[in-house]
Amino acid sequence: MTNKVYQNDLPDGLDLGSEVAIDCETMGLHPHRDRLCLVQLSSGDGHAHLVQIARGQTEAPNLCRLLADPNVLKLFHYGRFDIAAMLNAFGVLTAPVYCTKIASRLIRTYTDRHGLAKLLQELLSVDISKQQQSSDWGAEKLTKAQIDYAASDVLYLHRLRDALNIMLVREGRMETAQACYDFLPMRAKIDLDGWPDTDIFAHS
Ligand code: MN
């Protein structure tokens with residue numbers, strides 16, 4: 001496993017294929033207040049590509065081309081947050097997407113534990129540490145522990161997607177899941193536009 005760290009953007013000519021796992025690290029959970037610090041990507045080949053985003057940076061042409069590419073499926077775990085964070089930073093709406101958390105919520109109705117670590121443990125017997133989750137992602141130089149943690153958030157998403165899809169097909173929920181993924185980018189935009197906690201489908 002090699003984790004490559006880049007500054008500001010993906011390098012020219014890097015081809016990550018037609019299904020790319022993506023995760024973001026930010027300064028916190030408020031997308032307007034807390035800036036985007038790191039975008040992690042993996043093609044599912046066991047390697048991670050980490051892009052450090054500078055404070056005030058508003059452009060990342062290679063990354064944004066991939067995010068908007070209609071022929072590249074972007075795999076997330078809780079993509080709602082990451083899509084909003086990258087929309088806020090770069091003005092790009094990521095699509096098409098798949099979200100392992102939505103898949104889990106739709107299919108693992110026997111539990112309310114839908115965190116990535118729990119899913120990887122249960123479905124893939126992979127243990128990842130969440131120790132670095134709350135750390136200073138805005139630091140100029142990331143520690144090895146931070147880099148390894150950030151990478152682990154994207155390295156297994158392809159396999160996790162495959163495992164969840166088997167269950168979704170088995171229980172007849174694939175179509176519902178797909179409709180949720182199709183709507184997810186707009187759901188993230190609605191968060192940013194000012195309705196983060198409102199269920200716009202609710203009666204009151
Ligand atoms: Mn993460």
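Bear in mind that the values here come from a model prediction, so they are computed numbers and not experimental data. One-based numbering along the sequence shown.
- Hydrophobic cluster membership is shared by L67 and Y181, with clusters built from Ile, Leu, Val, Met, Phe, Trp and Tyr side chains linked at under 4.5 angstrom.
- Between E19 and R161 there is a salt bridge, since a side-chain N of the basic residue sits under 4.0 Å from a carboxylate O of the acidic one.
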Dump the intermediate steps for side chain to side chain contact (heavy atoms under 4.5 Å, CB included) on Q52 and L142, then the final yes or no.
CA-CA 9 Å; Q52 279 191 288; L142 299 175; 3.6 Å; yes

Apply side-chain hydrogen bond (donor to acceptor under 3.5 Å, both in side chains) to residues Q57 and N8 and explain how you reach the verdict.
CA-CA 8 Å; Q57 182 182 336; N8 309 112; 2.9 Å; yes

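- Minimum interatomic distance between R80 and A188 (heavy atoms only, all atoms of both residues): O-CB, 3.5 Å.
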Show, in sequence, the C-alpha distance, side-chain angles and deciding distance for E122 and R108, and conclude whether the salt bridge (Lys or Arg N to Asp or Glu O under 4.0 Å) test is met.
CA-CA 11 Å; E122 180 184 309; R108 292 173 65 256; 2.8 Å; yes

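- For CD of Q178, the number of neighbouring non-hydrogen atoms (other residues, nucleotides, ligands) closer than 6.0 Å is greater than 12.
- Across all non-hydrogen atoms, the minimal contact from P185 to I83 is CA-CG2, 4.2 Å.
- Cluster membership check: Y98 does not share its hydrophobic cluster with I166, using side-chain heavy-atom separations under 4.5 Å among Ile, Leu, Val, Met, Phe, Trp and Tyr.
- Heavy atoms only, all atoms of each residue included: D69 and P96 are closest at O-CD, 3.6 Å.
- K101 pairs with exactly one of Y78, F81, F76 by the side chain to side chain contact (heavy atoms under 4.5 Å, CB included) rule, that one being Y78.
- A donor-acceptor pair under 3.5 Å is absent between the side-chain atoms of K141 and the main chain of A139, judged by distance alone.
- The number of heavy atoms from other shown groups lying within 6.0 Å of CD (Q7) is above 12.
- The ring-ring contact (aromatic ring centres under 6.0 Å, His included) contacts involving residues 103-150 comprise W137-Y149, where partners must be two or more places apart or lie in separate chains.
- In terms of heavy-atom proximity, A48 sits nearest to L50 at CB-CD1, 3.8 Å.
- Here the side chain of S42 pairs a donor or acceptor atom with the backbone of G44 at under 3.5 angstrom.
- Among D82, L66, D153, L157, the one residue that satisfies the side chain to side chain contact (heavy atoms under 4.5 Å, CB included) test with I22 is L66.
- Residues L192 and N88 approach most closely at CD1-N, 3.7 Å, considering heavy atoms.
- The two residues V92 and A68 make their nearest non-hydrogen contact at CG2-CB, 4.0 Å.
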